[in-house]
There are 2 protein chains.
Amino acid sequence: MEEGTSKEPSDSCCTVDAFQWDTREDCDVRQILDRIGDKWSLLVIALLDTRCMRFTELKKTIDGISQRMLTVTLRQLERDGLVSRTVHPVVPPRVDYELTPLGVTLHATIQSLVTWTETHQSEIAAARAKYDAASS
Amino acid sequence: MEEGTSKEPSDSCCTVDAFQWDTREDCDVRQILDRIGDKWSLLVIALLDTRCMRFTELKKTIDGISQRMLTVTLRQLERDGLVSRTVHPVVPPRVDYELTPLGVTLHATIQSLVTWTETHQSEIAAARAKYDAASS
DNA sequence: CTGGATCCCACATGATACTG
DNA sequence: CAGTATCATGTGGGATCCAG
């Protein structure tokens with residue numbers, strides 16, 4: 001590598017032509033990607049985008065999620081300011097979750113990716129079939 | 001499962017209002033999400049969007065990636081039809097990788113997510129700081 | 001009803017050695 | 001140069017029990 005004084009030329013960035021891309025594992029894009037790329041976050045965001053929901057309601061709706069992961073997921077989303085958590089001081093406890101304005105904008109942005117997927121899924125399936133056939 | 005009134009208890013989909021979301025672990029969106037959400041794919045796509053690159057070139061440019069993971073990542077992207085692999089019959093071997101038209105459109109779509117992240121990173125950082133402060 | 005605390009495992013990724 | 005094969009490991013996520 002380069003000199004010992006400075007860690008790296010661009011401090012964990014790689015520069016290609018005029019294009020710069022952050023390769024740090026904790027870069028901003030990476031953090032959001034880890035969030036929407038995990039197993040449940042996107043699903044929770046999509047559901048909360050339709051309306052405010054309670055904990056158990058989410059758990060029942062999202063088929064297969066464990067209590068633990070729903071809690072963990074919601075905590076992460078809350079920490080990122082994407083979801084708001086409202087505790088009603090009643091017995092039994094009632095907690096409402098809903099998307100924040102920030103969360104709404106994220107979901108809107110992700111929609112373009114969903115649309116892309118729906119548009120090109122057949123191409124991908126075809127590419128996979130071709131690849132798998134060729135390698136057999 | 002089907003006790004009484006239950007109507008197809010989300011065999012693989014959950015329906016909320018007029019909104020339907022596929023909760024299957026192997027749904028189309030999930031597959032693409034797993035791809036762009038993994039550790040290296042998006043980085044490879046971004047680099048190849050700038051220009052065609054060789055294996056070693058990618059390895060040198062992407063700081064921290066192992067040979068194995070670069071190979072695995074490229075194979076997956078190739079299988080999905082996002083990246084094309086060209087072997088030149090020379091010695092020593094030379095293999096060029098480049099984005100397919102499909103891969104280019106995916107990268108373009110992802111850009112909006114990157115832009116969103118850059119736009120809202122400060123809000124997220126603030127939300128996290130607030131959350132962490134409150135929970136201490 | 002909400003969700004914290006533990007235990008545990010599968011799997012994605014890393015490290016290393018070998019090869020056409 | 002461009003991989004493949006093998007072994008090691010950190011962690012995401014499931015199952016379960018407990019608590020306010």
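Within every chain, numbering begins at 1; the chains are lettered A, B, ... in the order of the sequence lines, protein sequences first and strands thereafter.
Here Lys39(B) reaches the OP1 or OP2 of dG14(C): one of its side-chain N or O atoms lies under 4.0 Å away. Regarding contacts with the backbone of dC1(C), every side-chain N or O of Tyr97(A) stays at 4.0 angstrom or more from both OP1 and OP2. Under 4.0 angstrom from either OP1 or OP2 of dG3(D) there lies no side-chain N or O belonging to Thr71(B).
Protein atom CE of Met69(B) is 17 Å distant from nucleotide atom P of dT16(C), rounded to whole Å. Atom CD of Gln67(B) and atom C1' of dC18(C) are 11 Å apart (whole Å). Rounding to whole angstrom units, CH2 of residue Trp40(A) and P of dG14(D) are separated by 5 Å. At whole-Å resolution of the value, CG in Asp34(A) and C1' in dG13(D) are 15 Å apart. In this structure, Glu57(B) atom CD and dG3(D) atom P are separated by 14 Å, rounded to whole Å. Leu70(A) places its CG atom 18 Å from the P atom of dT16(D), with the value rounded to the nearest Å. The interatomic distance linking Ile65(A) (CD1) with dG14(D) (P) rounds to 7 Å, in whole Å. Taking atom CZ on Arg85(A) and atom C1' on dG3(C), their separation rounds to 8 Å, with Å as the unit.
In this structure, of dT13(C), dC1(C), dA2(D), it is dA2(D) that holds the atom nearest to the side chain of Val95(B).
Taking the nucleotide of DNA chain D with the nearest heavy atom to each of Gly37(A) and Pro93(A), the more 5' of the two is matched to Gly37(A).
Note: Lys130(B) NZ to Asp132(B) CG = 12.5 Å, rounded to the nearest 0.5 Å.
Val104(B) places none of its side-chain heavy atoms less than 4.5 Å from the side chain of Leu82(B). For the pair Leu48(A) and Leu58(A), the minimum side-chain heavy-atom distance is below 4.5 Å. At a threshold of 4.5 Å between non-hydrogen side-chain atoms, the residues Thr109(B) and Thr115(A) do not count as touching.
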**Message:** Please evaluate residues Leu43(B) and Ile65(B) with respect to the criterion side chain to side chain contact (heavy atoms under 4.5 Å, CB included), reporting the C-alpha separation (whole Å), side-chain torsions for both, the decisive distance (0.1 Å), and the verdict.
**Reply:** CA-CA 10 Å; Leu43(B) 214 41; Ile65(B) 196 172; over 6 Å; no

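Among the heavy atoms of the strands lying under 4.0 Å from Arg68(A) is at least one base atom, whether or not backbone atoms are also near. Residue contacts for Arg54(B): at a heavy-atom cut-off of 4.0 Å it reaches the sugar-phosphate backbone alone, with no base atom in range.
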